[in-house]
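Read the structure below first, then the notes.
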Amino acid sequence: MPSLAQMTGSLHIHNFYIGKLKDKQEQLFESDPETTMLLDNVAAILSEHAIALAEDSADKEFAEG
């Protein structure tokens with residue numbers, strides 16, 4: 001299992017890319033709805049994984065604390 005620092009780093013990376021995807025969605029919303037939908041799906045998957053990472057991090061932090 002990854003360390004708490006690795007999990008926290010991964011969570012920050014997920015959140016960074018979720019933000020990038022949402023920014024790109026806004027740029028493409030009018031001109032390319034198909035790509036916008038694809039980006040939305042990818043952002044949703046990353047968001048689900050980020051939630052799981054956050055929960056795992058909290059559990060690990062609680063166990064170590």
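In what follows, every heavy atom counts, from backbone to side chain, and hydrogens, waters and symmetry copies are set aside. No experiment lies behind these values; they were computed from the predicted model shown.
No continuous path of ILVMFWY side-chain contacts below 4.5 Å connects Met37 to Leu21, so the two sit in separate hydrophobic clusters.
Atom OG1 of Thr36 is separated from atom CD of Glu26 by 10.0 Å, given to the nearest 0.5 angstrom. Rounded to the nearest 0.5 angstrom, His14 NE2 and Met7 CE are separated by 11.0 Å.
Judged as a side chain to side chain contact (heavy atoms under 4.5 Å, CB included), and not counting sequence neighbours, the contacts of Asn15 are Leu11, Ile18, Ala50. His12 meets the side-chain hydrogen bond (donor to acceptor under 3.5 Å, both in side chains) test with no other residue; sequence neighbours excluded. Judged as a side chain to side chain contact (heavy atoms under 4.5 Å, CB included), and not counting sequence neighbours, the contacts of Tyr17 are Ile13, Leu46. Legend: residues meeting side chain to side chain contact (heavy atoms under 4.5 Å, CB included) with Ser31, ordered by chain and number and at least two apart, are Leu28. Under the side-chain hydrogen bond (donor to acceptor under 3.5 Å, both in side chains) criterion, Lys24 pairs with Gln27, not counting sequence neighbours.
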Name every donor-acceptor pair, under 3.5 Å, that has one atom in a side chain of residues 57-65 and the other anywhere in the protein, sequence neighbours excluded.
residue : atom : partner : partner atom : Å
Ser57   : OG   : Leu53   : O            : 2.9
Lys60   : NZ   : Pro2    : O            : 3.3

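Among the candidates Val42, Asn41, Thr35, the single residue satisfying the side chain to side chain contact (heavy atoms under 4.5 Å, CB included) test with Leu39 is Thr35.
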